[in-house]
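Report on the following structure.
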Amino acid sequence: MTVMAQAAPMAPAGRSGSLYDTLELILDKGIVIDAFVRVSLIGIEILRVEVRVVIASVDTFLRYAAALGQLELAQRQAREELVAALPPALPQGLTEPEPQTRARARSSR
Amino acid sequence: MSGAVYVFGIVAADHPFQPPDPPGKPDPAPAGDDPAGERERDAGVRLVRAGALAAVVGPAPPRPRARRRDLLAHQRVLERVWRMGPVLPMRFGVVAPDGGRLRAELVRGARRHLDALAQVTGRAEVNVKVVPDEEVMVRLVAEQDPAVRQLRGRATRSYPDRLRLGEAVAAALRARAALDADRVLRALRPLAVRESAGPEVAGCALNVSLLVADDRLDAVLAEVARLDGDLDGRCRVHAFGPLPPYSFTVPAGG
């Protein structure tokens with residue numbers, strides 16, 4: 001094998017190609033000789049938690065729902081800022097009654 | 001002192017292994033946080049030969065642990081040995097009871113190990129992970145996914161509604177990320193000799209290891225960089241490597 005020029009594992013910007021990025025490889029891959037004890041490792045459970053399997057949990061769902069809520073809030077704020085930035089010369093009849101009629105239509109359903 | 005040894009990996013008996021410098025000697029090129037301490041821990045690393053093979057071993061820890069430094073030592077020793085010549089890494093934590101039984105295991109598995117060594121010679125592992133950007137993805141599926149849009153229109157703040165909405169977002173996000181993951185895999189596959197699916201890792205849409213010929217490493221890393229820029233921020237594509245062939249220790253078709 002040719003000697004690798006890279007001194008350290010190559011990693012894209014913003015990530016250090018360190019232990020944790022490939023930790024699962026030394027814990028899950030590699031040769032295991034059945035006849036030899038694979039030592040029961042203190043602390044491995046904690047590390048397992050860090051590389052834990054993706055579980056589509058209730059927590060995740062609620063987090064996504066909350067993220068959508070945040071998104072809606074941000075969009076509403078952006079809309080309100082846009083409305084606030086509109087020239088005041090806009091005919092009042094266009095902006096005022098419309099939400100009211102919509103609200104009335106919904107409540108009558 | 002009963003002869004138990006920690007096993008790092010398996011190499012050919014003629015591997016150009018050089019033992020690490022003994023601790024206490026001045027370090028010509030200091031690296032890491034604690035080079036002297038690291039060298040002290042690595043100092044006992046040696047070969048145990050049996051026929052055409054040898055095992056890379058070190059002193060068995062009196063009390064086996066998986067602390068950060070133990071995991072790092074496993075990686076560091078393997079990287080060092082691998083830079084000198086091909087090695088088949090052991091999984092973390094393998095301890096042989098004594099040299100005799102280790103040699104017997106090497107002889108018993110010789111054919112398989114020699115085949116595997118031949119297949120990783122001149123090649124390296126590159127681990128590729130595709131990581132969805134949650135913020136970008138949630139915004140995308142909120143706008144584009146029909147099920148999410150429909151649920152969003154009628155969802156109240158009630159717990160069941162939020163749960164249903166979140167579940168729909170998770171499903172849409174997974175499906176969208178799977179498309180990107182598939183695209184990455186299809187683009188990289190022609191550049192690799194073999195591939196091995198990695199274990200599922202939290203937050204990753206794809207975790208795959210590729211066995212790559214040395215003269216194609218640059219092409220793989222360049223393609224990863226291109227894909228990373230091509231996914232419009234939905235997912236990041238990360239490459240880790242070149243690494244010792246952790247995921248390719250069993251010969252293909254054997």
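Treat the numbers as computed from the prediction; the structure is a model and nothing was measured.
Residue with the most contacts toward chain A among B/H113, B/R164, B/R152, B/E125: B/R152 (heavy-atom pairs, distance under 4.5 Å). For chain A, the option among B/L78, B/V7, B/L102 with the highest count of heavy-atom pairs below 4.5 Å is B/L102. Put simply, of B/L165, B/V138, B/L88, the one with the most heavy-atom pairs under 4.5 Å next to chain A is B/V138. Comparing B/P89, B/G109, B/P244, B/A168 by how many heavy-atom pairs each has under 4.5 Å with chain A, the most go to B/P89.
Heavy-atom distances place the side chain of B/E105, and not its backbone, under 4.5 Å from chain A. Looking at B/D161, neither its backbone nor its side chain comes within 4.5 Å of chain A, counting heavy atoms on both sides. Proximity to chain A is absent for every atom of B/E135, based on heavy atoms less than 4.5 angstrom apart. Interface remark: B/V126 contributes no atoms to any contact with chain A (heavy atom separation under 4.5 Å).
Checking B/E195 against B/S247 by side-chain atom types alone, no donor-acceptor pair falls below 3.5 Å. Donor-acceptor pairing under 3.5 Å is lacking for the side chains of B/E200 and B/N207. Between the side chains of A/K29 and B/T249, no donor N or O sits under 3.5 Å from an acceptor N or O. Side-chain polar atoms of B/N127 and B/S209 form a donor-acceptor pair below 3.5 angstrom.
Here the shortest heavy-atom pairing between B/C235 and B/V130 reads CB-CG1, 3.7 Å.
Taking the six-membered ring where tryptophan is involved, the planes of B/F17 and B/H15 are tilted, since the angle between them lies from 30° to 60°.
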